[in-house]
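Written out below as structure tokens is the structure these notes cover.
Below, each value reflects all heavy atoms present in this structure, side chains not excepted, and no hydrogens, waters or symmetry copies. Owing to the predicted nature of the structure, the values given are computational and were not obtained by experimental measurement. Residue numbers start from 1 in every chain, and the chains themselves are labelled A, B, ... in the order their sequence lines are given, proteins ahead of strands.
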There are 2 protein chains.
Amino acid sequence: MKLITRNTDYALRALCYISKNKNIVTVDELVEKLGVPRPFMRKILQRLNKRKILDSFKGQGGGFRLKALPEKIYVIEIMRIFQGKVVLNRCFLKKDVCPNKGKCVLRKKIGIIEDNLFKQLKEITIASLA
Amino acid sequence: MKLITRNTDYALRALCYISKNKNIVTVDELVEKLGVPRPFMRKILQRLNKRKILDSFKGQGGGFRLKALPEKIYVIEIMRIFQGKVVLNRCFLKKDVCPNKGKCVLRKKIGIIEDNLFKQLKEITIASLA
DNA sequence: AATTAATGATACCACATTAGTCTCATTTGT
DNA sequence: ACAAATGAGACTAATGTGGTATCATTAATT
Ligand code: FES
Ligand code: FES
């Protein structure tokens, strides 16, 4: 299993590239540099824009720019955008709420691991990658 | 995204239950206790048998028993059986091998996290869950 | 005002993975 | 012989991933 999907991967690369450019960056530039299919790249950028990671500018001379500082953009957040909340397991019983939640050892142990994972992921920002 | 699938989850629960029983356990017993669909449970147990986690006995009075000690059965191994090797990301370029592998910061950072994750997962055994 | 170069929004499609079901064969105790 | 158990493998449904395609909107250039 993969913990990081292409969506996320491309998004991270795009953000790194954009963070290194003071000017706004167009899809075409990113496509050329990263070798990602154009329509797919567009979709990813649009999503980052909706989630306020990027600012976008329409029309001639338009493109994308980081909305926040690269130091404030966390990998874990990008993962959440494209892969949903990262969770070890949602408990299995057909009816969503698990009666056993309190005393479930697996969940408890896994919870600890989850926390550590997050702690580490939180320390990785676009700035630290670029 | 879920890090643990139902397969794995059910397998872990089944193993926990079996580990608490000195006697061999039948599918029907597990189905009753865990509320997992019978054919699915069967498939999971068969797979655990093939991977030498369980011993199986056919015929009347048959069923399943742990093959190894609960202290020696690691969650990470069960995950690998049902979810394949756990990997943060396989690099994206269409042609599998990535020319950038050496100097890729993302991969490096992620590699560290991966290692830590494994270290933690390796310490969780069936014994520690049951 | 028309053109052109950019993004926004949305619907669609192909493939892989996950989560199962179903059927028949085989083994073994009674 | 029969019943009670697993083994093996084909099949199906739902979901997630990785895209494509189309049309609408905005804004600078001419
Ligand atoms: S959370 Fe439901 S049994 Fe663990
Ligand atoms: S491993 Fe290929 S770019 Fe990071």
message: Once you apply a heavy-atom cut-off of 4.0 Å, does B:K50 come out as touching a base, just sugar-phosphate, or nothing?
response: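 Result for B:K50 = sugar-phosphate.
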query: Just one of A:T125, A:I126, A:L54 clears the side-chain contact (heavy atoms from CB on, under 4.5 Å) bar with A:I73, so which one?
result: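 Looking at A:T125, A:I126, A:L54, the match for A:I73 under the side-chain contact (heavy atoms from CB on, under 4.5 Å) is A:I126.
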query: Which nucleotide, C:dG20, D:dG18, C:dG8, lies nearest any side-chain atom of A:Q46?
result: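 For the A:Q46 side chain, the nearest candidate turns out to be C:dG8.
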- request: Output the single nucleotide from D:dT20, C:dT7, C:dT18 whose closest atom is nearest the side chain of B:T5.
  value: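 Ranking D:dT20, C:dT7, C:dT18 by closest atom to the B:T5 side chain puts C:dT18 first.
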query: When you check every protein heavy atom under 4.0 Å of nucleotides 22-30 of chain D, what one-letter string (B, S, -) results, 5' to 3'?
result: B--BBBBS-
message: For B:V25 and A:F40, find the nucleotide of DNA chain D closest to each by heavy atoms; which residue's nucleotide sits nearer the 5' end?
response: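 With B:V25 and A:F40 compared, the 5'-side residue is B:V25.
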- prompt: Starting at the 5' end of DNA chain D and moving along, which residue's nearest nucleotide shows up first, A:F82 or B:L45?
  reply: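 The residue whose closest nucleotide sits nearer the 5' end is B:L45.
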- prompt: Tell me: NZ of B:K43 to C1' of D:dA8, nearest whole Å?
  reply: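 In whole Å, D:dA8 C1' lies 11 Å from B:K43 NZ.
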- prompt: For A:R6 and D:dT20, what is the distance between atoms CZ and P respectively, to the nearest whole Å?
  reply: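 In whole Å, D:dT20 P lies 11 Å from A:R6 CZ.
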For [N], take OP1 and OP2 only and decide whether either is under 4.0 Å from a side-chain N or O of [X].
X: B:K2; N: C:dA19; answer: yes
X: B:T26; N: D:dT6; answer: no
X: A:S56; N: C:dA6; answer: no
X: B:N49; N: D:dG7; answer: yes
X: B:Y10; N: C:dA19; answer: no

